[in-house]
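What follows is a single structure, written as structure tokens, with notes after it.
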Amino acid sequence: MSERKSIHGEWSSGMAFFLAATGSAIGLGNIWRFPYLAGENGGGAFILVYLACIVLIALPILIAEITLGRRGRESPLNTFRRLALDEGRSRAWAGVGFIGMLSGIIILSFYSVVAGWSLEYIWLSLRGAYQGASADRTDQLFSMLTSSPWQQMFWYTLFLALTLIIVARGVRKGLERAVWIMVPLLFVLLAVLVAYALVVGDAHAAIVYLYSVDFSRLSGHAVLLAMGHSFFTLSLGIGAMIVYGAYMPNRLSIMRAAISVAVADTVVAVLAGLAIFPLLFARHLPVAQGPKLIFASLPAAFGSLPFGFLFGAAFFALLTLAAWTSAISIIEPVVSWLVELGWSRPRSVLAVGSVVWMSSMLIDFSLNVWSGITWQGRTLFDLFNFVSSDIMLPLGGLLIALFAGWVISERSLRQELRMNRGALRLWLWVLRYVTPVGVLLIFLNALGLIRGAL
Ligand code: PFF
């Protein structure tokens, strides 16, 4: 076990780590992206493949990230450098931490725009803005929001400010305190919303749509989507779990913690579908793709259901909370690195926040004033989403798997993981061979190199 101490502080308990890491994992990916992907790509069959990907690809990397973090006890960039030097390898491995920080900034710039919409929808729900509105009308309402640069700016600026305030207060007083309140609240809201959807919605249709196992709807491409999503949903590839591991007390079992996080994240993803689809099917609403599923179709359902304004507000509060606890984990790797360079935490937060705010502005404008500017048919919003989720995260994950599997000695890993030799060997074997091949497939798919073949 490493005797190093983090200069940033430590989680006070195993529960604190669990809440922070689960808060990071549960985000827009679970509540909006997963249900939609599952519904479109074979329901239960997709979910089975996704579970296999979680176990074979994502979980081994999650364990690796937490292990590296706890051994290095520094920001991801400095952890890579330090651990590589410990093993007598090149300090250039620090570049993996750098790629991660860059991906984090890119992800957060569109994540905060979407979270900003979610914040605004809490307000719209409470005001009854979409009560009794048709699907066309709620679609229009959403288009109006995205076509107004200043209105959008107000909401993502607010979301970023809320995120930055927490990170500026540090690990114990900021992150830990926030997740103690927000993550349990998130679970309560989800339970209430699932119960509501099952009572007032068409649960049968939703269950058939989501969970019937239909392998004929499962294409090769869907398998790769499931793999990519398993990655995004566990917050892998940018160093978020490395930095959270750096704050984990030595006495905790990494394996147990990682499995709990993966299970909680998966349960939430599966439940989120049950909070959404029964409502849409009850009103025979279109299962829209992309952001519209939540921001155009779903409000039309809430708008015509009993107490819809209240449950609508609760749904968007849930989405905002989920995005918020993820956002803090996206910037912590960069902030911790600046603090290690000697900057104060508030100053580091302000610097990172300004950069993210400016790139959010690019995303904002790409949806309205610059919507005509596209590259190969993609707006900047699509491009940022694609480059970060489909290219940079898998690349970061691949390098992390190679680093933990091939650069760090088995002895160091055993000291940190403290598990029996057989289990360690199995994990290492998966990490060395299965995970890199899987990630490589996602990566080639994202670049369009194997899409035609599948
Ligand atoms: N896991 C988050 C989600 O499912 O929405 C997204 C995410 C958070 C990705 C943190 C990467 C990250 F570091």
Side-chain angles (χ1 to χ4, degrees), residues 19-38 50 53-54 58-59 61-62 65-66 68-69 75-77 96-97 99-115 117-118 159 163 166-167 175 179 182-183 186 190 225-246 258 261-262 264-273 291 294 318-337 352 356 384-397 400 442:
L19 293 174
T22 306
S24 167
I26 299 171
L28 299 175
N30 302 59
I31 297 171
W32 154 67
R33 195 164 186 257
F34 178 76
Y36 153 69
L37 284 178
Y50 165 79
C53 295
I54 289 277
L59 185 60
I61 299 185
L62 177 62
E65 287 207 12
I66 302 173
L68 295 176
S75 62
L77 187 142
V96 183
I99 297 177
M101 295 199 299
L102 212 61
S103 328
I105 290 173
I106 297 177
I107 290 182
L108 195 55
S109 38
F110 66 83
Y111 215 80
S112 60
V113 171
V114 178
W117 297 339
S118 183
F159 176 79
T163 304
I166 290 173
V167 180
L175 277 66
V179 297
M182 300 203 290
V183 179
L186 192 151
L190 182 63
L225 279 179
M227 262 200 270
H229 188 70
S230 72
F231 218 81
F232 184 79
T233 194
L234 287 188
S235 306
L236 303 175
I238 74 162
M241 291 299 181
I242 297 182
V243 83
Y244 277 11
V261 172
D265 182 74
T266 307
V267 168
V268 169
V270 171
L271 285 180
I294 295 250
L318 166 71
L319 195 63
T320 306
L321 280 178
W324 197 359
T325 49
S326 296
I328 57 181
S329 76
I330 300 177
I331 55 168
E332 181 62 21
V334 196
V335 169
S336 59
W337 176 62
V352 184
V356 173
F384 269 38
N385 193 348
F386 168 71
V387 169
S388 61
S389 319
D390 293 339
I391 298 186
M392 294 175 86
L393 287 190
L395 180 65
I400 290 167
I442 305 174

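Just so you know, ligand 1 is whichever comes first in the structure, and atom 1 is the first atom listed for that ligand. Everything numeric here is computed off the predicted structure, so don't read it as measured data.
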Backbone N/O of [Y] and side chain of [X]: donor-acceptor pair under 3.5 Å:
| X | Y | result |
| --- | --- | --- |
| Ser326 | Ile26 | yes |
| Thr22 | Leu19 | no |
| Ser118 | Val114 | no |
| Ser235 | Ser24 | yes |
| Asn30 | Thr233 | no |
| Tyr50 | Thr266 | no |

Which of the ligand 1 atoms, numbered from 1, are nearer than 4.0 Å to a heavy atom of [X]:
| X | answer |
| --- | --- |
| Ser329 | 10 (C) |
| Ile238 | 12 (C), 13 (F) |
| Ala240 | 13 (F) |
| Ile330 | 8 (C), 10 (C), 12 (C) |
| Leu28 | 5 (O) |
| Ser24 | 1 (N), 2 (C), 8 (C), 10 (C) |
| Thr233 | 1 (N), 4 (O) |

| request: Consider every N or O of Phe232 and every N or O of ligand 1, then say whether any pair is closer than 3.5 Å. | output: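 Yes; at least one N/O pair falls below 3.5 Å.
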
| query | Does the side chain of Leu175 come within less than 4.5 Å of Tyr244's, by heavy atoms? | reply |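 A side-chain contact under 4.5 Å exists here.
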
| message | If we only consider heavy atoms of Tyr111, is any one of them less than 4.0 Å away from an atom in ligand 1? | response | yes

| said: For a side chain to side chain contact (heavy atoms under 4.5 Å, CB included) check, start with the C-alpha distance between Leu393 and Leu236, then their side-chain angles and the critical distance, and finish with the verdict. | reply: CA-CA 7 Å; Leu393 287 190; Leu236 303 175; over 6 Å; no

| query | So which of Gly27, Gly29, Ala25, Gly239 gets nearest to atom 1 (N) of ligand 1, if we judge by its closest heavy atom? | reply |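 Result: the heavy atom closest to atom 1 (N) of ligand 1 is in Ala25.
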
| Shortest protein heavy-atom distance from atom 11 (C) of ligand 1, along with the residue and atom involved | Ser235 CA, 3.6 Å

